[in-house]
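Notes to accompany the following structure.
Chain A is the first sequence line, chain B the second, and so forth, proteins listed ahead of strands; every chain is numbered from 1.
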Amino acid sequence: MGSDRKSGGRAPALRKRDGDYVGEYRPQEIEAKWQKKWEEERVFESEAEASEESFPPRAHRSPLEKREGRAAQASALVPQKKAKYYVLEMLPYPSGTLHMGHMRNYTIGDVVARTKRMKGFNVLHPMGWDAFGLPAENAAIKANTHPRTWTNNNIAEFQRVLRRFGFSYDWRREISTCEPEYYRWNQWFFLRMLERGLAYRKKSRVNWCPKCCTVLANEQVVNGGYCWRHEDTLVEARDIEQWFLKITAYAEQLLEDLKQLEGEWPERVITMQRNWIGKSIGAKVYFEVAGTDERAASSDQNTSQCGAPARIEIFTTRIDTIYGASALILSPHHPLSEKLIEGADAGAGLRTARPAEENRRKKLAQMRQASLKMEDIATAEKDGFFTGQYAVNPFSGERIPIWVGNFVLMEYGTGAIMAVPAHDERDFEFATKFGLAIPVVVRPRLEAQDGAPAPFTEYGVSVNSGPYSRLTSEEAIERMAADAEARGFGKKETIYRLRDWGISRQRYWGTPIPVIYCARDGMVPVPDQDLPVVLPANPKLTGEGESPLATDPEFANVKCPKCGGPARRETDTMDTFVDSSWYFYRYCDPKNDKAPFEAAKANYWFPIDQYIGGIEHAILHLMYSRFWCKVMRDLGLISHNEPAARLFTQGMVLKDGAAMSKSAGNVVGALEMAERYGADTGRLYTLFAAPPEKDLEWSEESIEGSWRFLNRVYRLVDKHAAGANRRLSGEGEQRSLVGDPDGGKKTEAPPSKAARGAPATEKEKALLRKTHQTLRRVTQDFETRWHFNSAIAQVMELTNAVYAAEDSVRPEIRGEVLEILTLMLAPMTPHLAEELWEILGHTGGLWTAGWPTYNAELAKEEEVEIVVQVNGKVRGRLRVAAGAAQGEVMKLAEADPGVAAYLKGKKIVKVVPVPDKLLNIVVV
RNA sequence: GCGGCUGUGGCGAAAUUGGCAUACGCGGCGGGCUUAAAAUCCGCUGGGGAUUUCCCCGUUGUCGGUUCGACUCCGACCAGCCGCACCA
């Protein structure tokens, strides 16, 4: 980054230029000055939630309104009752250093918050810390300190940096999830879920990360079997007793309510959630097990010779293909797969060779082992073996072999499938490899599709399906499911891919799960009045073995709350995603010690109007917190269904092609940036370099451009004010001075406060026109499209126009333009804008000003350029009065020599006019 | 394999509803100021030609379609990125 000319310690300030003294833009001083002022004046504190009564809108009238007496009309557009606006960036995990990737996220939120405040909303814009978590524990072990020390140090540092960037947070509401005042409510929620059967404990196959030394939720397993924290570490399967939250109870609602979010949340996130929930509508069908003889005669023989259970349940979405089932296939982990391979080896007459029992056992063990590794499951070759047993197809009565296959997942459906090779790719592959029959039972609807490649997996028309032949697939699915249900061998069923949320973690730095195990009373919830269950202050952390809390007898050994006998505490802690599932509600009422929050306060502020964060939480945090919201609604705590009305996922900041991160070693530190160029330049650059949803490649060279622009604006305003002051004091124009001119501050009356004249010259008109056109577009870009980059480009153009106009416009006109320009910059570069506002002579602080009102009258073009095309090619340009009549434009076009040349000798067949823009003449 | 997103100058990008493609910025080149440099201000920057006014040509990943007119809409393809992935 080279020179230190931008650093704070430059030679001071005043230089002579064109007879005016122009100061130098010194962001470090300006930024500190205004941050202090904002804090003193408590500018960013939202108004009380109870304030549903009317508030007068923030008094703002733009200079132009004042001049034209339009204030009354304009304020009619502002809601009389101050509307609330809750804008939130996802809370950070305080680790490492804040870099410009983080700053981009917070800058976007801050622009929104500041804009809304200027527009008269009661804005809630809080910040807090996702303070529990494994990295703190690991770092503490490494540095031989306490996770709390490590975390709090980081929080202090994060705070410092965020304040340095001037983000407009209401710091009174700051929360930290590792404080007992916060996590006691995690425990409280857990107990409420326990009461409702939404929290339960079971032993199950879970994902274990050997590096984290703890269990992971399904959502924390990425890239087909790797730990989300250690993307190079394969997750292992373990059977562990742990706590689950029953998110599956809300599967349908979570899916259904995504519809409400359409258009408000990124399509991508909605799609990902939909896929994650993975709803399948189908049917369960029960197949009787018929023993080892495929031809077994007696229909009443429905237990096998080795005592295997009577029936196998399968799930299918294509019950219409059941006449084409040529086998049942069980998952290696299916409990029956073990039972079915027992018993005497096959007798004579089997169609398919049955491996000897010993080999069957070996094979099963092998397949179970293989499927523990989650990698390559999708790509692994199909494998399986015949159990020797048969089952009866309840529709056809046909006996079909029962196999075990490696591609059948125990975790999905019933862990068993019917194989229909003719109409399913995987079954086809399996059948081809092992020589199973491939009977066709669905034909394409159109003859033209006949001879379609096997397998044919689409809907069509049933054939060879007994009474169901000739039905369309849709009809067959409907009828066969109903018949199966009526005849008692099946039923319609909807299943979801979504699994319950495993929240037990075998680590220290998290919320203790508030239950106690008593030898006599079993599992006993900790009574509400005993909350919070506080983490022991001095744990023995090793990062290995069982939960650290289990090794702390003082913590683990307790009296049973029911019988008073000796009991043992649960020593696992909660997944930290519990903390972040409801944190945004706590901001509404951060100090409440009676309840997680007061319902009225939450209902005032919620839903979040604008939530902003990274795409990496598309499923994790954003699914969990939607679930939590619905649980809280059912507990009667809140009265809405979804926590966030709108979601925005910003792009990453890349450097050298990779996401900025500590581990990649390519971070541009936020503090470093602020020291070198000032926070405003950093903010401006991240907004200008790319639209916010897109990834942004960091470029040191481009930052200079943003820096130069702010300097340019500063000089422009400062020079203007200096000139105005000189005129006021020296040249005897009789205008009153406000304040003390010797006070060292620029408190003289600014041009804007003086009586203003209407634009007189063409140049003045043009500049004001440009100003209001810019204001219109910037307002739109802020409001709806969030194209901050093109908004900034507009402001740059306006700045260039003011420079170009030089002295051809009177100072009072220029003053007006510069005021609007300053206000437009305020949300993006707030410190500089405050300073300019003061330089322009305002004493109240820019935060008391509102967003300027666009004046359509002044923005209107009087004369427009019309592009004349002949057969779609530009052949001439006309300057005409705006709104000129079509015939007149046509006449002018025909008179234009450039156009006429192309019309000569041709016949005009069509004329397409676009008013005030274009005229296309079609000739042959 | 399925789903989604993206493709525009040397670079980051703009183009609001189908209406002048390349605004704004970076980089580069030239000029003013300066003894000089930095900073700053001004101009040029798709290609070719005319010393100006100007003329010709090309162009938004590729091919096709709709349209008076397509970066924008439709179809097919190519490339890159992301997500899911034996989900029955």
Mind checking [X] for me? I need base, sugar-phosphate or nothing, with any heavy atom below 4.0 Å counting as a touch.
X	answer
A:Arg497	base
A:Val911	nothing
A:Ser699	nothing
A:Gly278	nothing
A:Glu701	sugar-phosphate

Going by side chain to side chain donor-acceptor pair (under 3.5 Å), name the residues that satisfy it together with [X], two or more places apart in sequence or in a different chain.
X	answer
A:Trp228	none
A:Lys433	A:Glu381
A:Glu797	A:Lys770

Base paired to [N] (Watson-Crick or G-U; both N/O distances under 3.5 angstrom):
N	result
B:C2	B:G83
B:C68	B:G19
B:U53	none
B:G30	B:C42
B:U60	none
B:U35	none
B:G12	B:C24

Does [X] have its ring centroid less than 6.0 Å away from the ring centroid of [Y]?
X	Y	value
A:Phe489	A:Phe395	yes
A:Tyr685	A:Trp707	no
A:Phe648	A:Trp786	yes

Separation of [N] [atom2] from [X] [atom1] (nearest whole Å):
X	N	atom1	atom2	result
A:Gln794	B:A23	CD	P	13 Å
A:Lys910	B:U67	NZ	P	10 Å
A:Glu219	B:A85	CD	P	11 Å
A:Glu381	B:G1	CD	C1'	17 Å
A:Met623	B:C84	CE	C1'	13 Å
A:Met272	B:A85	CE	P	10 Å
A:Arg712	B:C41	CZ	C1'	8 Å
A:Lys433	B:C86	NZ	C1'	13 Å

Interatomic distance at [atom1], [N] relative to [M], whole Å:
N	M	atom1	value
B:A15	B:U60	C1'	11 Å
B:C63	B:C78	P	15 Å
B:C29	B:A39	P	13 Å
B:G28	B:G46	C1'	15 Å
B:G75	B:U66	P	15 Å
B:U59	B:G47	P	15 Å
B:C73	B:G18	C1'	8 Å
B:A70	B:G61	P	15 Å

Open item on the list: Is there a side-chain contact between A:Arg497 and A:Ile277 in this structure, where contact means two heavy atoms from C-beta onward sitting under 4.5 Å apart?
Closed with: no
For [N], does OP1 or OP2 lie under 4.0 Å from any side-chain N or O of [X]?
X	N	result
A:Asn800	B:A23	no
A:Arg715	B:A39	no
A:Arg708	B:C26	yes
A:Arg268	B:G3	no

TODO: Measure from the side-chain heavy atoms of A:Ala793 and tell me the nearest of B:C24, B:A88, B:C41.
DONE: B:C24
TODO: Could you please name the option among B:A88, B:G12, B:C41 that lies closest to any side-chain atom of A:Phe315?
DONE: B:A88
Task: Toward the 5' end of RNA chain B, by each residue's nearest nucleotide, A:Phe688 or A:Tyr412 - done: A:Phe688
Open item on the list: Please compare A:Val922 and A:Thr414 by the position of their nearest nucleotide in RNA chain B and report the one closer to 5'.
Closed with: A:Val922
TODO: Taking syn as within 90° of 0 and anti otherwise, name the glycosidic form of B:G46.
DONE: anti
Task: Base versus backbone protein contacts along nucleotides 14-22 of chain B [heavy-atom cut-off under 4.0 Å; B, S, -] - done: SSB--BB--
TODO: Could I get the full list of side chain to side chain contact (heavy atoms under 4.5 Å, CB included) partners for A:Ala793, not counting sequence neighbours?
DONE: A:Phe688
Open item on the list: If only side-chain N and O atoms count, and only distance matters, is there a donor-acceptor pair under 3.5 Å linking A:Tyr286 with A:Arg311?
Closed with: no
Give every donor-acceptor pair under 3.5 Å between a side-chain atom in residues 908-922 of chain A and any protein atom, sequence neighbours left out.
from	atom 1	to	atom 2	distance (Å)
A:Asp916	OD1	A:Gly883	N	2.8
A:Asp916	OD2	A:Gly883	N	3.3
A:Asn920	OD1	A:Gly872	N	3.1

